[in-house]
Amino acid sequence: MANETTIPLLPCRSLDDVGPFYQALGFEVTYRQARPNPYLALRREDLHLHFFGMPEFDPATSYGSCLVVVDDLVAIHRDFAAGMRGAYGKVLVSGVPRMTRPRVRKNYDGHGGFSIVDPGGNWIRFVARTAPPAGDGATGRLARALENAVVQADSRGDHRQAARILDTALSRAAAADDPVVHVEALAYRAELALVLDQPDMARQMVERAGSVPLSREDRERLAATLRHTAELARDLDQPHVP
């Protein structure tokens, strides 16, 4: 057999929560019913997500998840980020819903990935179809700590353990550490601080990231991250938009 299609069926408390969220990300509603059971079908090009409503459902306890393999991880993340900014005024990095940034996943054999946690608490995990060339990644103690923190938080949802890993590594940052990795680690720790409701820590991490000496080449490699930290700094001075 060939040309099979698998469509995840995911829980949510209300279709009115997940529908507008995904529509902001570029999905269209292809089917919806209220009775006998709440059901919603969404599509974005070849990506289909279906939801069933459970009024007593608690998103914080959700185990709903699915994996989406894509050819251009950066492009789809950029589109989702633009949709979030249009609907919420910023990219949501904390609370529910939220979205992580594309990062190399050690537990995905070096493939890049990012996750969306939707209003139903479901983790939609996007993974790049191809991995970077072998030996293309950063090495060193801080780089390994960052990889481990990403596994703990972005894959397992253990943000406190990820923060502990980075706090230990950043307290021992050395001159030999790649400044690009140093900034990436600080930026990620700022994101974790926001998830953990630690705005003062987030501000501290953003300020530290801005003080790391960088060459022109470093800044080019960090262009997306520097834009992200600037956005975090701006958003820290604004109230959260639910």
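In what follows, every heavy atom counts, from backbone to side chain, and hydrogens, waters and symmetry copies are set aside.
L92 is not listed as a side-chain neighbour of M99, based on a closest heavy-atom distance of 4.5 Å or more. Counting heavy atoms from C-beta outward, F126 and I116 have side chains that approach closer than 4.5 Å. Residues V18 and L40 form a side-chain contact, since some pair of their non-hydrogen atoms from C-beta on lies under 4.5 Å apart.
There is a path of hydrophobic side-chain contacts, each under 4.5 Å, that joins V180 to M205. Following chains of ILVMFWY side-chain contacts shorter than 4.5 Å, one cannot reach V150 starting from V195, and the two form parts of different hydrophobic clusters. Under the 4.5 Å side-chain heavy-atom criterion for grouping Ile, Leu, Val, Met, Phe, Trp and Tyr, M84 is connected to L42 within one hydrophobic cluster. One hydrophobic cluster holds both L146 and L222 under the rule that ILVMFWY side chains link at heavy-atom gaps under 4.5 Å. The hydrophobic clustering, which links ILVMFWY residues whose side-chain heavy atoms are closer than 4.5 Å, places L196 and I165 apart.
Contact between R189 and A163 at its shortest, heavy atoms only, is CZ-CB, 3.6 Å. Closest approach of L15 and P20 over heavy atoms only: O-CD, 4.1 Å. The two residues Y88 and P97 come nearest to each other via the heavy atoms OH-CG, 4.5 Å. When all heavy atoms are compared, the tightest approach of L166 to A149 is CG-CB, 3.7 Å. Here the shortest heavy-atom pairing between A202 and A193 reads N-CB, 3.6 Å. Heavy-atom minimum distance, S171 versus T168: OG-O, 2.7 Å.
Between the side chains of S115 and R98, no donor N or O sits under 3.5 Å from an acceptor N or O. For the residue pair D58 / T61, no side-chain donor-acceptor distance below 3.5 Å is found, with atom types taken as modelled. A donor and an acceptor atom, one from each side chain of Q152 and H159, are nowhere located under 3.5 Å apart.
With hydrogens and angles disregarded, no donor-acceptor distance shorter than 3.5 Å links the side chain of D235 to the backbone of L232. Checking side-chain atoms of R156 against main-chain N and O of V151 turns up no donor-acceptor pair under 3.5 Å. At distances below 3.5 Å, at least one donor-acceptor pair connects side-chain atoms of N122 with backbone N or O atoms of P11. Checking side-chain atoms of Q33 against main-chain N and O of N37 turns up a donor-acceptor pair under 3.5 Å.
Partners of R44 under the side chain to side chain contact (heavy atoms under 4.5 Å, CB included) rule, at least two apart in sequence or in another chain, are F27, I76, D79, F80. Under the rule for a side chain to side chain contact (heavy atoms under 4.5 Å, CB included), the partners of R227 that lie at least two apart in sequence or sit in another chain are A223, A224. Listed by chain and number, the residues in a salt bridge (charged side-chain N to carboxylate O under 4.0 Å, His left out) with R78 amount to none (sequence neighbours excluded). When the side chain to side chain donor-acceptor pair (under 3.5 Å) test is applied to R43, the partners found at least two apart in sequence or on another chain are E28. When the side chain to side chain donor-acceptor pair (under 3.5 Å) test is applied to T229, no partner is found at least two apart in sequence or on another chain. For A209, the side chain to side chain contact (heavy atoms under 4.5 Å, CB included) partners are V183, L186, not counting sequence neighbours. Applying the side chain to side chain donor-acceptor pair (under 3.5 Å) test to D200 and every residue at least two apart in sequence or in another chain returns R203. Contacts of S14 classified as side chain to side chain contact (heavy atoms under 4.5 Å, CB included), with partners at least two apart in sequence or in another chain: D16, D17. With sequence neighbours excluded, the residues that form a salt bridge (charged side-chain N to carboxylate O under 4.0 Å, His left out) with D71 are R129.
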Might you work through the side chain to side chain contact (heavy atoms under 4.5 Å, CB included) test for E231 and V91, ending with a clear yes or no? CA-CA 9 Å; E231 190 172 78; V91 177; 3.7 Å; yes
Can L170 and R208 be said to form a side chain to side chain contact (heavy atoms under 4.5 Å, CB included), step by step? CA-CA 11 Å; L170 289 168; R208 286 180 60 181; 4.1 Å; yes
Output, in order, the C-alpha distance, side-chain angles, deciding distance and verdict of side chain to side chain contact (heavy atoms under 4.5 Å, CB included) for H77 and V74. CA-CA 5 Å; H77 183 274; V74 173; 5.9 Å; no
With side chain to side chain contact (heavy atoms under 4.5 Å, CB included) as the test, would you mind laying out the steps for T225 and Y188 before giving the verdict? CA-CA 9 Å; T225 300; Y188 190 43; over 6 Å; no
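Taking CZ of R216 as the reference point, atom CD of E220 lies at 7.5 Å (rounded to 0.5 Å). Separation of atoms CG (L10) and SG (C12) is listed at 9.0 Å; rounding is to 0.5 Å. Once rounded to the nearest 0.5 Å, the distance linking CG of D178 with CD of E184 reads 9.5 Å.
For the pair R103 and E191, the salt-bridge criterion is met [side-chain N within less than 4.0 Å of a carboxylate O]. Under 4.0 Å is where a charged nitrogen must lie from a carboxylate oxygen, and between E147 and R105 no such pair does. Ion pair R172/D167 not flagged as a salt bridge, since none of the NZ, NE, NH1 or NH2 atoms sits closer than 4.0 Å to an Asp/Glu carboxylate oxygen.
V104 shares a hydrophobic cluster with no other residue; no ILVMFWY side chain has heavy atoms under 4.5 Å from its own. Side-chain contacts under 4.5 Å among hydrophobic residues (ILVMFWY), followed directly or transitively, place Y31 together with L9, Y39, F52, M54, F57.
When each of L67, V68, I124, L49 is paired with P8, the side-chain contact (heavy atoms from CB on, under 4.5 Å) condition holds for L49 and for no other.
Residue pairs meeting the salt bridge (Lys or Arg N to Asp or Glu O under 4.0 Å) criterion with at least one member in residues 116-126: none, sequence neighbours excluded.
With a 6.0 Å radius and a threshold of 12 heavy atoms from other residues, nucleotides or ligands, R164 has its CZ atom above the threshold.
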